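What you see is a predicted model, and the numbers here were worked out from it, not measured in a lab. For the numbers below, each heavy atom of this structure counts, side chains included, while hydrogens, waters and symmetry mates do not.
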Number of protein chains: 2
Amino acid sequence: MVRVIPSTAKHAHRDSHDLTERLRAAGLRPTRQRIALAGLLFDQGDRHLTAEDLHSEAARAGVKVSLATIYNTLHQFTESGMLKQVAVDAHRSYFDTNTGSHQHFYCEDDGALIDIPGEAIAVSGLPMPPKGMDVERVDVVVRIRKR
Amino acid sequence: MVRVIPSTAKHAHRDSHDLTERLRAAGLRPTRQRIALAGLLFDQGDRHLTAEDLHSEAARAGVKVSLATIYNTLHQFTESGMLKQVAVDAHRSYFDTNTGSHQHFYCEDDGALIDIPGEAIAVSGLPMPPKGMDVERVDVVVRIRKR
DNA sequence: CTCTTATTTAGAATGCTTCTAATCTGATTG
DNA sequence: CAATCAGATTAGAAGCATTCTAAATAAGAG
């Protein structure tokens with residue numbers, strides 16, 4: 001009986017190459033840790049996760065990475081525009097792999113975030129920002145809870 | 001020469017009485033600490049401040065209050081609707097004495113918050129919340145920075 | 001005034017994040 | 001391909017805001 005090489009092997013190779021290029025483009029050395037974390041972050045659609053989430057996910061995936069590196073990497077990815085940081089609650093800070101313009105439902109019961117597509121929503125009547133200041137971005141958080 | 005009783009004395013008395021009633025209405029015993037903190041919080045218009053801000057303000061005003069009480073009080077006031085908590089940044093958590101519907105500019109350079117009146121701004125195109133959930137409130141944060 | 005219960009408090013504990021200094025690795029050069 | 005060196009990673013310490021704990025204090029009822 002022939003053991004079929006899983007197709008993920010091929011993907012892993014292709015992805016790893018893409019990720020390497022992506023890191024280089026961001027001015028970051030494609031190290032083992034950064035490639036692994038980028039794989040976890042970007043290989044499964046839009047995600048919202050905390051530093052701790054990513055750390056345990058890496059552990060589960062058998063990637064040995066220190067918590068310090070998790071933080072460094074999340075911040076570097078955020079600075080280079082690969083991630084967006086979402087401040088939703090004094091207690092929880094999420095990193096969002098969807099860097100496009102979009103907004104969130106925030107469930108106060110369990111802390112879950114749900115994307116709201118950017119096209120769906122519109123904010124009107126914004127006053128001018130104070131003199132000498134530019135608008136960086138507009139965040140909308142719709143706080144919801146179980147009825 | 002007659003020493004005139006400062007008019008603030010009269011106000012202090014009136015305010016203190018009002019505050020006492022307000023605390024009672026919220027189901028909170030009007031203790032020395034809560035009355036003093038309520039005075040600092042509500043006697044000077046709309047304010048955005050952190051626990052640490054209030055603590056040092058109390059110290060400056062000669063009111064002896066522990067930090068634990070500051071936190072307890074801020075949370076109790078928030079639960080009873082006298083304050084609103086504003087999550088704007090992973091690092092800074094503000095309490096807002098303006099509990100009406102309004103939004104904020106957030107200056108990423110220095111962490112300052114500036115009110116945007118609720119009437120000015122409108123959010124349209126909000127999708128329905130997931131089944132069984134109610135919208136609690138919609139927060140808009142306009143992030144600005146120096147040009 | 002006494003009793004009961006809520007409140008306050010100092011200080012310890014927690015949790016998340018950043019810092020430090022040492023070690024290691026990726027990339028470049030000879 | 002070995003040496004080099006700046007950049008990256010790491011364990012653990014440190015930092016900071018917040019919460020917890022257990023004991024002391026103060027408010028309100030009777």
* Asked: Near DNA chain C, under 4.0 Å by heavy atom, which residues of residues 21-42 of chain B?
  -> B:Arg29, B:Thr31, B:Arg32, B:Gln33, B:Arg34
* Which of parallel (below 30°), tilted (30 to 60°) and perpendicular (above 60°) describes B:Tyr71 and B:His75? -> tilted
* To do: Please state how far atom CG in A:Leu67 lies from atom P in C:dC16, giving the value in whole angstrom units.
  => 10 Å
* Using a strict 4.0 Å threshold on nitrogen-to-oxygen distance, state whether B:Arg147 and A:Asp134 make a salt bridge. => yes
* Treating Ile, Leu, Val, Met, Phe, Trp and Tyr as nodes and any side-chain heavy-atom pair under 4.5 angstrom as an edge, say whether B:Val141 and B:Ile121 lie in one connected cluster. => no
* Structure fact -> Which of A:Glu57, A:His55, A:Gln33, A:Glu52 passes side-chain contact (heavy atoms from CB on, under 4.5 Å) with A:Ile70? Answer is A:His55
* Asked: Is a side-chain N or O of A:Asp115 found less than 3.5 angstrom from the main chain of A:Pro117, in a donor-acceptor match?
  -> no
* Main-chain N/O of A:Arg47 paired to A:Thr97 side chain as donor or acceptor, under 3.5 Å -> yes
* Would you indicate, yes or no, if C:dC24 has its OP1 or OP2 atom less than 4.0 angstrom from a side-chain nitrogen or oxygen of A:Lys64? => no
* To do: Looking only at non-hydrogen atoms, find the nearest pair between A:Asp109 and A:Lys146 and report the distance.
  => OD2-N, 2.6 Å
* Kindly state which residues belonging to residues 48-56 of chain A come within less than 4.0 angstrom of DNA chain D, counting heavy atoms of the residue only, listed by number. => none
* To do: Please state whether the rings of A:His102 and A:His48 are parallel, tilted or perpendicular, taking 30° and 60° as the class boundaries.
  => tilted
* Of the residues in residues 69-98 of chain B, which ones touch DNA chain C at a heavy-atom distance under 4.0 Å? -> B:Thr69, B:Asn72, B:His91
* Asked: Donor-acceptor pair, B:His91 side chain versus B:Asp89 backbone, under 3.5 Å?
  -> no
* Backbone N or O of A:Val88 within a donor-acceptor pair of the A:Arg143 side chain at under 3.5 Å? -> yes
